[in-house]
Amino acid sequence: MANSLLFIPDISGFTYFVQNTEVEHSQHVISELLEVLINANTQDLRLAEVEGDALFFYKENEIPSQEKLLAQIETMFTGFYSHLKLLEKNRICPCNACATAPNLQLKIVVHCSELQFITVQEKRKPFGQSVIEAHRLLKNSVPSDNYALLSSEVSKFIGLPVHYKSKLYNFVEGSDVYDGKEIRYVFSEIDKAKLKLNPFAIPEVVDFKCAPSIVLTTEFGISGQQLFEYITNYSYRHYWVNGVSEFEYNPEEVTRLGTEHVCVIDGKRLNFTTVTKAANGNEIVYGERTTDVPVDALYNFFIIRPLSENSCLLTVELYPKAKSLLNKFLLWLFMKRIFRKSMSTTIKNLENFVKNGAVNG
């Protein structure tokens with residue numbers, strides 16, 4: 001039998017993150033990061049298991065060359081930290097999960113051996129001593145939570161010098177004892193500043209030079225952060241948004257700048273993109289833009305100002321935009337009245353949703 005590769009990316013800080021942040025958003029953040037790591041698989045690695053905060057990949061009877069393996073590790077680190085940068089720059093949610101996500105780190109452990117397999121529920125999975133060793137290498141004495149670790153079996157197989165250095169890597173030797181057996185390895189801390197992060201769209205921050213056409217204000221008897229969750233979590237939208245028969249969105253994604261969703265009203269699809277504008281003091285701002293309206297564009301802003309621990313003030317601002325004379329005439333004659341009536345009904349629905357026990361709804 002030929003040597004096979006075992007490859008485990010593991011999110012550092014996972015336990016503290018999920019225990020000390022909001023459950024739903026922490027789940028979304030980890031789910032997104034795991035998806036990023038899976039999509040960064042350039043070497044046709046097979047995914048054996050998703051292990052909470054880690055992914056267990058293998059490549060049967062083949063080990064990539066030194067160049068390809070180091071490139072695969074770099075690609076995963078690049079994808080991981082690029083996504084954390086996107087979460088940081090496009091964040092609108094004030095919750096602790098979204099605020100502290102950029103503190104997460106990544107470690108990758110690589111091992112190799114002849115593999116055995118077992119079949120569980122018709123799924124073939126790696127099994128045996130080498131699998132145990134690979135997982136135990138995650139618990140090591142490396143003085144970092146952000147590194148790549150290659151067992152001596154892997155480093156020797158691919159011809160990696162013990163003290164290999166490059167722009168990104170600076171490998172040194174290490175070893176730990178597990179069940180009375182010493183396992184040697186080389187590891188390199190990864191400097192995030194040396195990664196060429198992937199670009200992402202610059203979020204739209206709107207700066208209006210005019211007052212909103214429509215302003216509606218309502219006080220709610222819940223915390224500002226809870227109201228923000230009801231407004232920005234699209235799974236709640238069908239309870240309170242007026243006239244919408246269907247919502248299309250990514251349920252595994254935390255809403256942030258640039259997030260898109262679709263409202264279906266009377267069979268018509270309205271595409272919305274999340275935007276924002278400058279906030280004052282302790283206000284929390286969430287905005288949406290759509291161009292699928294009779295005028296050129298419509299901006300809705302939900303501005304939440306906490307009043308106490310269990311109360312807040314919601315101000316909704318609408319900015320319909322019209323360029324042509326016809327659209328300006330339609331806006332003046334019909335649209336403002338229609339927009340105001342629809343939004344008034346929507347806010348009333350939101351009030352009822354909150355009063356009727358939205359937390360348990």
Side-chain angles (χ1 to χ4, degrees), residues 21-29 31-32 87 90-99 101 212 214-265 270-277 279-290 298-318 339-361:
T21 62
E22 289 72 9
V23 174
E24 187 168 11
H25 283 206
S26 65
Q27 289 175 339
H28 286 330
V29 168
S31 176
E32 287 185 39
L87 293 179
N90 288 7
R91 178 172 74 92
I92 58 172
C93 177
C95 84
N96 200 33
C98 293
I214 299 167
V215 179
L216 300 168
T217 302
T218 308
E219 186 172 334
F220 285 81
I222 56 174
S223 70
Q225 187 161 311
Q226 185 62 68
L227 183 60
F228 183 84
E229 174 69 9
Y230 291 150
I231 291 171
T232 60
N233 186 332
Y234 302 135
S235 67
Y236 295 115
R237 286 291 179 100
H238 65 285
Y239 289 110
W240 58 271
V241 175
N242 182 47
V244 179
S245 59
E246 184 180 353
F247 281 96
E248 298 176 8
Y249 64 97
N250 182 356
E252 300 301 324
E253 185 177 75
V254 177
T255 302
R256 53 180 171 266
L257 293 178
T259 297
E260 297 180 348
H261 69 278
V262 176
C263 298
V264 181
I265 303 176
L270 304 181
N271 294 272
F272 286 87
T273 302
T274 302
V275 297
T276 193
K277 68 185 186 75
N280 296 317
N282 63 344
E283 290 178 345
I284 310 170
V285 177
Y286 168 76
E288 300 176 342
R289 181 197 68 236
T290 182
L298 176 65
Y299 291 83
N300 299 336
F301 285 95
F302 297 83
I303 303 164
I304 300 170
R305 181 162 61 87
L307 300 175
S308 68
E309 189 175 321
N310 294 305
S311 66
C312 62
L313 191 69
L314 172 66
T315 300
V316 178
E317 297 179 351
L318 274 72
F339 290 151
R340 176 180 289 275
K341 182 178 179 181
S342 177
M343 185 53 69
S344 295
T345 303
T346 287
I347 294 174
K348 182 59 67 176
N349 291 343
L350 181 57
E351 283 186 275
N352 292 334
F353 173 59
V354 171
K355 288 176 182 177
N356 293 333
V359 175
N360 300 316

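Just so we're clear, the structure is a prediction, and the values are computed from it rather than from any experiment.
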*Between Ala101 and Leu87, which heavy-atom pair has the shortest distance, and what is it?*
CB-CD1, 4.3 Å

*asked:* I need the His28 NE2 to His25 NE2 distance, nearest 0.5 Å.
replied: 6.0 Å

*Can you tell which of Thr259, Val254, Leu257 makes a side-chain contact (heavy atoms from CB on, under 4.5 Å) with Asn90?*
Leu257

*So how far is it from Leu227 CG to Thr218 OG1, rounded to the nearest 0.5 Å?*
10.0 Å

*Who passes side chain to side chain donor-acceptor pair (under 3.5 Å) against Glu22, sequence neighbours left out?*
Gln225

*asked:* Give me the atom names and distance for the closest heavy-atom approach of Ala97 to Ser26.
replied: CB-N, 3.7 Å

*Identify, with sequence neighbours excluded, every residue that meets ring-ring contact (aromatic ring centres under 6.0 Å, His included) alongside Tyr234.*
Tyr249, His261

*Distance-only donor-acceptor check, side chains Glu317 and Asn300, under 3.5 Å*: no

*Got a second to check how far Phe220's CZ is from Phe353's CZ, nearest 0.5 Å?*
11.0 Å

*Can you check whether Trp240's main-chain N or O pairs, donor with acceptor, with Asn349's side chain at less than 3.5 Å?*
yes

*Which is it for Val316 and Ile347 under the side chain to side chain contact (heavy atoms under 4.5 Å, CB included) test, yes or no, and what are the steps along the way?*
CA-CA 9 Å; Val316 178; Ile347 294 174; 3.5 Å; yes

*How close do Glu283 and Arg305 get, heavy atom to heavy atom, and via which atoms?*
CG-CB, 4.3 Å

*Is the side chain of Asn356 donor-acceptor paired with the backbone N or O of Asn352 at a distance under 3.5 Å, no angle test?*
yes

*Return the minimal non-hydrogen interatomic distance between Ile284 and Ile92, and the atom names on each side.*
CG2-O, 4.4 Å

_So does Val264 get a backbone contact from the side chain of Ser245, meaning a donor-acceptor N/O pair under 3.5 Å?_
yes

*Taking atom SG of Cys95 and atom CD of Glu229, what is their separation to the nearest 0.5 Å?*
7.5 Å

_Test item: side-chain donor near acceptor, His238 and Glu246, under 3.5 Å_ = no

*What do you reckon, are the aromatic ring centroids of Tyr286 and Phe301 less than 6.0 Å apart?*
no

*asked:* Between Glu288 and Arg237 (salt bridge meaning N to carboxylate O under 4.0 Å), is one present in this structure?
replied: yes

_side chain to side chain contact (heavy atoms under 4.5 Å, CB included), that's the test. Do Glu252 and Glu32 meet it? Break it down for me._
CA-CA 7 Å; Glu252 300 301 324; Glu32 287 185 39; 5.7 Å; no

*asked:* Can you confirm whether Val262 sits close enough to Leu270 that some side-chain heavy atom of one is under 4.5 Å from a side-chain heavy atom of the other?
replied: no

_Heavy-atom side-chain contact between Lys277 and Val285 under 4.5 Å_ = yes

*Step through the shown structure and confirm whether more than 12 heavy atoms of other residues, nucleotides or ligands are within 6.0 Å of CZ on Arg91.*
yes

*asked:* Can you tell me how far apart CG (Leu313) and CD1 (Ile304) are? Round to the nearest 0.5 Å.
replied: 10.0 Å

*Any chance you could measure Leu350, atom CG, to Tyr239, atom OH, to the nearest 0.5 Å?*
13.5 Å

_Any non-hydrogen side-chain atom of Val244 less than 4.5 Å from a side-chain atom of Phe247?_
yes

_Show the nearest heavy-atom pair for residues Ser342 and Asn242, with the distance to one decimal._
OG-ND2, 3.6 Å

*Do any N or O atoms from the side chain of Thr274 and from the backbone of Gly258 form a donor-acceptor pair under 3.5 angstrom?*
no

*Over all atoms of both residues, closest heavy-atom pair of Phe272 and Cys263*: CE1-SG, 3.7 Å

*asked:* Show, in sequence, the C-alpha distance, side-chain angles and deciding distance for Asn250 and Glu260, and conclude whether the side chain to side chain donor-acceptor pair (under 3.5 Å) test is met.
replied: CA-CA 8 Å; Asn250 182 356; Glu260 297 180 348; over 6 Å; no

*Would you check if Thr346 and Met343 make a side-chain contact, meaning some heavy-atom pair closer than 4.5 Å?*
yes

*Can you sort out the partners of Ile214 under side-chain contact (heavy atoms from CB on, under 4.5 Å), two or more places apart, ordered by chain and number?*
Leu216, Leu318, Phe339, Arg340

*Between Ser308 and Asn310, is any side-chain donor less than 3.5 angstrom from a side-chain acceptor?*
no

